[in-house]
Amino acid sequence: MDILILGGTRFLGKFLVEAAIERKHNVTLFNRGSNPDIFPEIEQLRGDRDGDLEILKGCKWDAVVDTCGFFPGTVSKSANILNHVNHYTYISSGSVYKDLSEPGIDENAEVNTMDSDKVEEITRGTSGPIYGEYYGHLKALSEKAAEKEMPGKVLVIRAGQLVGPYDYTDRLPYWINRISQGGEVLAPGRPQRPIQIIDAKDLSQWIIRMMEQNVTGTFNAVGPEYTLTMEQLLQECKSVMNSDTRLTWVSEKFLMDNQVEPWGEMPLWIPEEYPMPGKDKPWIGFLAMSNKKAMKHGLTFRSLSDIINDIFAWEKTRSQHEDRKSGMDLKRERKLLELWKDLKV
Ligand SMILES: NC(=O)c1ccc[n+]([C@@H]2O[C@H](COP(=O)([O-])OP(=O)(O)OC[C@H]3O[C@@H](n4cnc5c(N)ncnc54)[C@H](OP(=O)(O)O)[C@@H]3O)[C@@H](O)[C@H]2O)c1
């Protein structure tokens, strides 16, 4: 198949390119060229999807994967130009759901929406992806925009926390990096708290298979197939890296009392007992979504140790001085661990 990937050069997109090539597809990328040296053997069309899409007009592809649609207007525009294709995959997010307070959220649950004036206001006021308050609303509206432009041809992938090499959120990399350093590590909340991740390689290979089979519709894409706990994840990190780290589990109350920021400062921690800032209920469902439909359609998961190994190998290529997007400062961690011990005596 001839496949166009809108994006393709940062994280998930790289794995999509590799998965498509592995399956002998012809791949073209469309992006602004921020990572110009990647994939020199692949045709790359340059352009800003928020601006002029002239370069896409008149070209023909069988399928498109849209990794970088953050605004419904932008998604509409490219989907409209590309509506000759047979299949359009839109990479969405589990953040689309309106109520994240219950586990087991499936694809039929209600999604966020907002009125067009607000969408207009946000779209005009920002450039690039929004990871803030309206990210999920805009993703939900972008799903609809794609479907409106090419009814019946759209595969919507509502991904959970993506993990793998090149992960620019630094969430799982924080834990891998921290545990590889050894010593006493502060671990958040209840060890048995469920957690979900989706490996970018697993997801990409599945998306290409779904495209080949012309499957459309909406799918949560989270893993693994069993209930993974935070403790299992951190223990697996320890074991893969052969680390002598000691995990000290501190309560959610302690973290909240000390203004530890969930998800950002303490990656992969979403409190079970407290709402996220600005929300009214705890987000129990965010890391406990249903993946039954995706599994029924062939989503498979590599082992946790393989996933961690790959990220660890990538971590070794990174500088310790590189700016990290998330995670706790070592000094702050030390201080909190001392405070925790003082509380316990
Ligand atoms: N990270 C997570 O945990 C997570 C979870 C759920 C869902 N998601 C979703 O997964 C997707 C992640 O994709 P990724 O960043 O890994 O994909 P990617 O395809 O590897 O990288 C994003 C691509 O989009 C291109 N791009 C960005 N803005 C553009 C513009 N205005 N015009 C043309 N090209 C543009 C970038 O290249 P240039 O900069 O060169 O243009 C880059 O190639 C997003 O849609 C995100 O919402 C992520």
Side-chain angles (χ1 to χ4, degrees), residues 3-20 27-39 42 44-56 64-75 77-78 81-82 89-97 100 123 126-132 134-143 146 156-174 195-204 207 218-223 263-264 267-268 270 286-287 289 291 294 307 311 325-326:
I3 300 173
L4 172 68
I5 299 180
L6 300 177
T9 58
R10 203 175 175 203
F11 173 27
L12 178 66
K14 292 182 185 176
F15 290 97
L16 283 163
V17 171
E18 281 167 13
V27 179
T28 307
L29 305 183
F30 172 79
N31 56 58
R32 294 164 302 182
S34 311
N35 195 354
D37 300 327
I38 192 170
F39 302 128
I42 287 179
Q44 299 208 30
L45 306 174
R46 295 279 181 249
D48 185 336
R49 66 180 299 169
D50 297 325
D52 189 1
L53 295 178
E54 202 58 35
I55 197 165
L56 298 178
V64 172
V65 187
D66 183 348
T67 70
C68 53
F70 299 97
F71 299 97
T74 320
V75 171
K77 213 165 121 187
S78 49
I81 287 175
L82 295 165
T89 302
Y90 173 68
I91 308 296
S92 187
S93 161
S95 303
V96 295
Y97 292 111
L100 289 163
T123 308
T126 349
S127 65
I130 294 186
Y131 289 103
Y134 298 109
Y135 169 72
H137 297 68
L138 293 166
K139 284 298 237 187
L141 290 167
S142 298
E143 292 178 358
V156 171
I157 302 291
R158 292 181 178 159
Q161 175 61 52
L162 281 170
V163 299
Y166 322 115
D167 175 1
Y168 51 83
T169 73
D170 277 327
R171 292 188 190 118
L172 186 51
Y174 165 76
I195 170 119
Q196 286 178 324
I197 51 177
I198 178 75
D199 176 55
K201 192 173 186 176
D202 289 339
L203 180 57
S204 298
I207 288 173
T218 300
F219 294 82
N220 289 346
V222 290
W263 205 239
L268 307 185
I270 292 198
F286 191 67
L287 293 172
M289 292 190 188
N291 55 8
I307 293 171
I311 303 172
K325 299 280 180 343
S326 53

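Excluded from the calculations below are hydrogen atoms, water molecules and symmetry mates; all remaining heavy atoms, backbone and side chain alike, are included. Just so you know, ligand 1 is whichever comes first in the structure, and atom 1 is the first atom listed for that ligand.
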Problem - Side chain D202, main chain S204, donor-acceptor under 3.5 Å - result: no
Practice task
Enumerate the atoms of ligand 1 whose separation from the nearest heavy atom of K139 is less than 4.0 angstrom.
Solution key: 44 (C), 45 (O), 46 (C), 47 (O)
Fill in the blank from the handout: Counting from 1 in the order shown, the ligand 1 atoms closer than 4.0 Å to a non-hydrogen atom of G47 are 32 (N), 33 (C)
Exercise for the section: Check for a donor-acceptor pair, side chain of K77 on one end and backbone N or O of G51 on the other, with a separation under 3.5 Å. Expected result: yes
Fill in the blank from the handout: Counting from 1 in the order shown, the ligand 1 atoms closer than 4.0 Å to a non-hydrogen atom of R10 are 18 (P), 20 (O), 21 (O), 22 (C)
Problem - N35 N/O to ligand 1 N/O under 3.5 Å - result: no
Exercise for the section: Measure S95 to ligand 1 on non-hydrogen atoms and call it side chain, backbone, both or neither using the 4.0 Å cut-off. Expected result: neither
Exercise for the section: Show which atoms of ligand 1 fall inside a sub-4.0 Å distance from at least one heavy-atom site of D48. Expected result: 30 (C), 31 (N), 32 (N)
Problem - Heavy-atom donor-acceptor pair, R158 side chain to Y97 backbone, under 3.5 Å - result: no
Fill in the blank from the handout: The answer for which part of Y166 has a heavy atom under 4.0 Å from ligand 1 is neither
Problem - Any donor-acceptor N/O pair, Q44 side chain to G33 backbone, under 3.5 Å - result: no
Practice task
May I ask you to check whether A159 has an N/O atom sitting below 3.5 Å from an N/O atom of ligand 1?
Solution key: no
Completion exercise
Between W263 and R171, the two heavy atoms sitting closest are NE1-CZ, 3.0 Å
Fill in the blank from the handout: Residues T67 and G7: closest non-hydrogen pair is OG1-CA, 3.7 Å
Completion exercise
One finds that the ligand 1 atoms under 4.0 Å from a non-hydrogen atom of G7 are 19 (O), 23 (C), 24 (O), 25 (C), 42 (C), 43 (O)
Practice task
Using heavy-atom distances, let me know which of S204, S142, C68 sits nearest atom 26 (N) of ligand 1.
Solution key: C68
Completion exercise
Here the atoms of ligand 1 under 4.0 Å from any heavy atom belonging to I91 are 9 (C), 10 (O), 11 (C), 45 (O)
Practice task
Look at atom 22 (C) of ligand 1 and find which of L45, I38, T67 reaches it with the closest heavy atom.
Solution key: T67
Practice task
Look at the aromatic rings of Y135 and F70 and report parallel, tilted or perpendicular, splitting at 30° and 60°.
Solution key: tilted
Problem - Heavy-atom proximity to atom 47 (O) of ligand 1, best of Y135, F30, F11 - result: Y135
Completion exercise
Minimal heavy-atom distance between G223 and N291, with the atoms involved, is CA-ND2, 4.0 Å
Practice task
Give yes or no for whether the N/O distance cutoff of 3.5 Å, strictly under, is met between G13 and ligand 1.
Solution key: yes
Problem - Region of I5 that comes within reach of ligand 1 [heavy atoms, distance under 4.0 Å] - result: neither
Exercise for the section: Say whether F15 and ligand 1 are in contact under the criterion: heavy-atom distance to a ligand atom below 4.0 Å. Expected result: no
Problem - Distance-only N or O hit between ligand 1 and L12, under 3.5 Å - result: yes
Problem - Side-chain heavy-atom pair L53, S78 within 4.5 angstrom cut-off - result: yes
Exercise for the section: Mark the output for R158 as yes if a heavy-atom distance to ligand 1 is under 4.0 Å, and as no if none is. Expected result: no
Handout entry: Numbered atoms of ligand 1 (with element) below 4.0 Å of Q161, judged on heavy atoms
Key = 3 (O)
Handout entry: T169 neighbourhood, listing ligand 1 atoms whose heavy-atom distance to it stays under 4.0 Å
Key = 1 (N)
Handout entry: N35 side chain to T9 backbone, donor-acceptor under 3.5 Å
Key = yes
Practice task
State whether K201 and E18 are salt-bridged, where the test is any N-O pair (Lys NZ or Arg NE/NH1/NH2 against Asp/Glu carboxylate O) under 4.0 Å.
Solution key: no
Fill in the blank from the handout: Between A294 and N220 the two heavy atoms that sit nearest each other are CB-O, 3.2 Å
Handout entry: G94 heavy atom under 4.0 Å from ligand 1
Key = no
Practice task
Would you check whether S92 reaches within less than 4.0 Å of ligand 1, judged by its heavy atoms?
Solution key: yes
Problem - Side-chain touch L4/L56, heavy atoms, less than 4.5 angstrom - result: yes
Completion exercise
In terms of heavy-atom contacts, I55 and F30 come closest through CG2-CE1, 3.6 Å
Practice task
Report yes if G69 has an N/O atom closer than 3.5 Å to an N/O atom of ligand 1; otherwise report no.
Solution key: no
